Amino acid sequence: MAAVPVERKTIEPLARAELFSSPPGLEAGDWRKAMDFAVSRIHANIPAFRNAYPAPASVDDVYPAIANTEWTSSFWTGMLHLAGEATGDRAFRETAAGQLPDYRARLDTRTATDTHDLGFLYTLSCVAAWKLHGDGAARATALKAADLLMFRYFEKAGIIQAWGDLGDPAQRGRIIIDCAMNLPLLHWASEETRNPHYREAAVSHLARANEFLVREDWSSFHTYYFDTGTGQPLRGTTAQGYSNDSCWARGQAWAILGNALSYRYVRDPEYLETARGLAHYFLNRLPGDLVPYWDLCFTSGDEERDSSSASIAACGLLELASWLPVSDPLRRSYENAALRLLASLAASYTTASRPDSNGILLHAVYGKPMGDGVDECNIWGDYFYVEALSRVLFAWRPYW
Ligand code: GLY
Ligand code: GLY
């Protein structure tokens with residue numbers, strides 16, 4: 001599908017170049033302590049969430065228990081995998097393993113599977129169980145999920161529809177920036193099966209997402225519509241951001257990490273350049289404590305922060321840095337920025353101050369325009385905080 005290439009502006013220099021020239025003053029023991037706290041929360045949650053899942057967002061900083069019906073179930077199962085790796089404690093592994101049949105049943109009964117988030121759902125549950133423990137049933141389930149995700153791919157437009165039934169006029173041909181995180185499932189499926197069609201869809205989708213969702217100034221639209229009949233790009237809009245023209249903080253963070261993760265599978269330098277441009281835009285709009293407001297159009301004032309965007313961006317910066325040559329002048333700055341974001345979360349955003357909470361990170365926002373999970377714990381924020389700590393503490397091998 002031919003399209004006019006977007007004229008990229010030059011990437012903004014890092015506004016906090018001096019700050020990011022050094023890491024925060026934390027020792028290995030401090031990072032360990034941060035991980036120990038997170039692991040203690042995960043452990044304490046096992047009885048309540050052995051056969052249930054935390055809701056996407058807490059209510060008064062406490063996650064209600066729900067069935068495996070949301071796009072977010074696997075952040076809990078994924079945290080169990082991470083805690084198992086960090087501690088070697090079999091309780092985590094066994095609890096995660098006990099949940100895998102739920103993921104299979106969800107596919108078989110098509111329970112809330114009309115979503116591109118099959119990537120999140122099946123990567124952090126089943127692909128992780130396969131990569132960590134060689135669980136063949138989990139591998140088969142994840143491949144089935146990849147097949148189902150492929151049904152959402154529109155060949156002519158070269159995109160994967162994000163939400164809802166493929167015939168729903170409100171959602172047809174709509175992509176969202178978050179989808180960059182669902183593509184590793186397709187890349188993994190191509191590697192496992194040696195069938196290139198999953199990879200081809202992922203490559204096409206990311207090319208279109210980077211072309212149309214990422215604006216000329218390296219900010220991003222949350223969502224974009226395409227005409228699935230002709231393949232024509234139509235318009236950018238938001239769902240969870242402040243306005244159609246603003247830049248939703250979490251979307252920007254998803255795209256930094258998603259582009260850097262795709263580079264694992266396809267060594268396209270464009271992915272790293274895109275992650276870099278998005279990262280500079282993100283980092284340059286952070287307030288003093290480096291935890292963004294829920295939309296990057298806010299840089300001061302009383303709007304809520306979204307701590308989950310900081311934990312996702314920390315993973316993205318570490319992933320990006322890991323692929324850059326040591327000669328890259330900004331490689332260290334990205335690592336230092338990631339560590340500083342994380343250090344700020346560890347110092348001021350955890351539930352250590354809230355013994356009544358069953359979450360890990362306070363002050364996240366799910367969907368401000370709809371009043372969903374505003375200034376609450378968000379389960380993906382917790383997951384990516386623990387993933388980021390794993391990246392800092394040991395040679396963590398991504399489930400992605
Ligand atoms: N809020 C569901 C999704 O973004 O996929
Ligand atoms: N993927 C949905 C969200 O980030 O809220």
Side-chain angles (χ1 to χ4, degrees), residues 1 67-74 77 100-130 137-213 222-234 239 254 258 261-262 265-266 399-400:
M1 168 71 242
N68 191 343
T69 53
E70 270 287 358
W71 67 279
T72 49
S73 313
S74 62
T77 312
L100 298 184
D102 273 0
Y103 287 88
R104 179 55 186 234
R106 181 166 172 175
L107 277 187
D108 290 344
T109 56
R110 295 288 195 275
T111 303
T113 51
D114 270 345
T115 168
H116 66 150
D117 289 323
L118 293 165
F120 277 123
L121 281 167
Y122 288 86
T123 300
L124 296 182
S125 57
C126 296
V127 176
W130 163 246
R139 175 182 180 273
T141 302
L143 287 174
K144 265 199 161 316
D147 283 337
L148 196 55
L149 182 52
M150 284 298 290
F151 278 108
R152 305 186 69 78
Y153 181 65
F154 285 98
E155 193 103 20
K156 188 102 191 198
I159 53 110
I160 294 166
Q161 179 176 320
W163 293 323
D165 188 273
L166 299 179
D168 176 356
Q171 299 298 347
R172 190 171 170 88
R174 188 185 202 184
I175 68 170
I176 74 170
I177 191 133
D178 324 26
C179 190
M181 294 298 299
N182 291 319
L183 304 178
L185 178 68
L186 298 180
H187 285 297
W188 170 81
S190 266
E191 282 197 350
E192 288 294 313
T193 61
R194 295 169 205 256
N195 180 340
H197 84 289
Y198 308 95
R199 175 194 311 268
E200 285 161 10
V203 166
S204 168
H205 178 92
L206 193 57
R208 302 229 91 195
N210 286 343
E211 187 174 354
F212 294 101
L213 285 168
H222 182 191
T223 94
Y224 209 99
Y225 284 92
F226 291 79
D227 183 319
T228 53
T230 64
Q232 282 308 308
L234 299 175
W254 288 138
L261 285 172
S262 274
Y265 291 98
V266 179
Y399 309 152
W400 304 101

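On a predicted model such as this, the values are computed, not experimentally measured, just so you know. In this chain, numbering begins with 1 at the start of the sequence shown.
Residues meeting the side chain to side chain donor-acceptor pair (under 3.5 Å) test with Arg199, sequence neighbours left out: none.
Residues Tyr153 and Ser204 bring a donor and an acceptor atom of their side chains to less than 3.5 Å of each other. Side-chain atoms of Thr193 and Tyr198 include no donor-acceptor pair closer than 3.5 Å.
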Problem - Full working for side chain to side chain contact (heavy atoms under 4.5 Å, CB included) between Arg106 and Leu121 - result: CA-CA 10 Å; Arg106 181 166 172 175; Leu121 281 167; 3.6 Å; yes
Inset, instruction - List the steps, then state whether side chain to side chain contact (heavy atoms under 4.5 Å, CB included) holds for Thr113 with Leu148. - result: CA-CA 8 Å; Thr113 51; Leu148 196 55; 3.8 Å; yes
Requested in this report: Take Leu166 and Phe154 through the test side chain to side chain contact (heavy atoms under 4.5 Å, CB included) and record every step on the way to the result.
Outcome: CA-CA 10 Å; Leu166 299 179; Phe154 285 98; 4.2 Å; yes
Let's go through Leu149 and His116 carefully: what are the C-alpha distance in whole Å and the side-chain angles of both, what is the deciding distance for side chain to side chain contact (heavy atoms under 4.5 Å, CB included) to 0.1 Å, and is it a yes or a no? CA-CA 6 Å; Leu149 182 52; His116 66 150; 4.2 Å; yes
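A 4.5 Å side-chain heavy-atom check between Tyr224 and Ile159 finds every atom pair outside the cut-off. Side-chain atoms of Ile176 and His222, non-hydrogen and from C-beta on, do get closer than 4.5 Å to each other. The shortest distance between side-chain heavy atoms of Trp188 and Leu143 falls below 4.5 Å.
The two residues Arg208 and Pro233 have their closest heavy-atom pair at NH2-CD, 4.5 Å. For the residue pair Leu185 and Val127, the shortest heavy atom distance occurs at CD1-CG2, 3.8 Å. Heavy-atom minimum distance, Ala138 versus Cys126: O-CB, 3.3 Å.
Ring geometry for Trp400 versus Phe120: interplanar angle over 60°, hence perpendicular rather than tilted (30 to 60°). Relative ring orientation between Phe212 and Phe226 is described as perpendicular, the plane-to-plane angle rising above 60° on a 0-90° scale split at 30° and 60°.
When atom types are taken as modelled, the side chain of Arg152 and the backbone of Ile160 share no donor-acceptor pair closer than 3.5 angstrom. In this structure, the side chain of Tyr265 does not engage the main chain of Glu191 through any donor-acceptor pair within 3.5 Å. For Gln161 (side chain) and Trp163 (main-chain N/O), a donor-acceptor pair under 3.5 Å exists by modelled atom type.
Atom-to-atom distance recorded for Ser74:OG and Tyr103:OH is 5.0 Å, nearest 0.5 angstrom.
Remark: Glu155 CD is loosely packed, at most 12 non-hydrogen atoms of other residues, nucleotides or ligands lying under 6.0 Å away.
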